[in-house]
Amino acid sequence: MKSGPVHLPAAHKPFLEKCPVLSLIGGTPLVRIRLPGLEKPNVEVYAKVEYFNPGGSIKDRSVLWMLLDAIRDGCLSPDKTVLDSTSGNAGIAYSMIGKALGYKVKLVMPGNASSERKLRIRAHGTEIHYTDPLEGYDEALREVHRQAEASPEKYFFCDQYRNNNNWRAHFYTTAHEILEQTNRKVTHFVGGVGTGGTITGVGRRLKEELKSIEVVCIMPDAFPGIEGLKPLESPEDIVPEIFDPSVVDTKVKVSIEEAYDYCQKLARIGFFVGQSSGAYIKGVESVVERIDRGVVVTVFNDFGERYFSTGLWGRND
Amino acid sequence: MGVMVRIPTPLRKFTGGKAEVEVDGSSVREVFNNIDSVHKGIREKVFDEAGTIRRFINVFVNGEDVRHLQGPDTSVEPGDELSIVPAIAGGRAD
């Protein structure tokens, strides 16, 4: 296992000294994944273990950058409440980081976000506004815009779907770490689109630095969907503003059942990960099938513990 | 008066965009069989080939998860509200 160094701008350092928990964000290990179906001579598969972040997910990275930049710019003043929509992991990051920095946080979430996430968010003292689960995540997005527009003096609307510091966090930290941890030998990166931050930031940086990198994007089924990933295929699907589709070379369709199967397989070798990580490994499998040589890197976005209530690991009844 | 079925946004393509449809039936399973005769495609999104509710989908009758009742055999009455809710959020922003 290789631990990654943390690369942060000097301007972040005073905040990390004041709030030491924030220094735990980033610098996650890159670990070799050995599974039947992924084993091939001259092919190595690695995952960046993002659940090592203190908020338990990759979202800590982007939320830290978005909030620190907003404080430096004066957009987030001490009298304002941090506001955004989320299905959970970003909400935990907003709550943990926002509270550590001394801010109030309010989140708009669909009512069917997993109860593990809701409980963690509330534990940090965040206010949650729930929207009707039947109206999908779209309703949470509409509602957060309504609230931000109604009281601009009250809120700093972070807007992770439009905030360029979202993808920049991955450009300067996640991608940088991948380059260092693989000795620049990475040949394929497999990710997906939630806000588009990870794949845009990592994809842009890797394409700047390496001639022959292939970026693979996982496309989930529209219903019931894979937590945190957007299908992007139908004309009615919203494409996040910060997502740069030009970084994507290949798309791989993955169903929730396939994601589930890989979550189970990963659990059997000790990695207890959430649905999107299982979906990514299914995408990795499709890459490994067609290459004879390479270093394939993906990310484990979050922990499996966050999904007990969704039935991912079976049900009590 | 039948059972009022609330349809999540990704499945509204089967109902011509309607958020609610009124359907007859005395059990959850019967309601879905009857929906499918008018709005074909919804049943297979909710039930697997063996006739059980798919792993990542919850069906609620008057706000109660039918897994904690009698599953697809849960009785329903005219005026009841039945909701189809993905077990997870955030997959789709449509």
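Numbered from 1 within each chain, the chains take letters A, B, ... in sequence-line order.
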Please check if the number of heavy atoms outside A/Lys253 that lie under 6.0 Å from its NZ is greater than 12. yes
Does the distance from a Lys or Arg side-chain N to an Asp or Glu carboxylate O, for B/Arg6 and A/Asp132, drop under 4.0 Å? yes
Toward chain A, the part of B/Ile84 with a non-hydrogen atom under 4.5 Å: both
How far apart are the closest heavy atoms of A/Asn112 and B/Pro86, and which atoms are they? ND2-O, 3.0 Å
Shortest non-hydrogen contact from B/Ser83 toward A/Leu134: CB-CD1, 4.2 Å
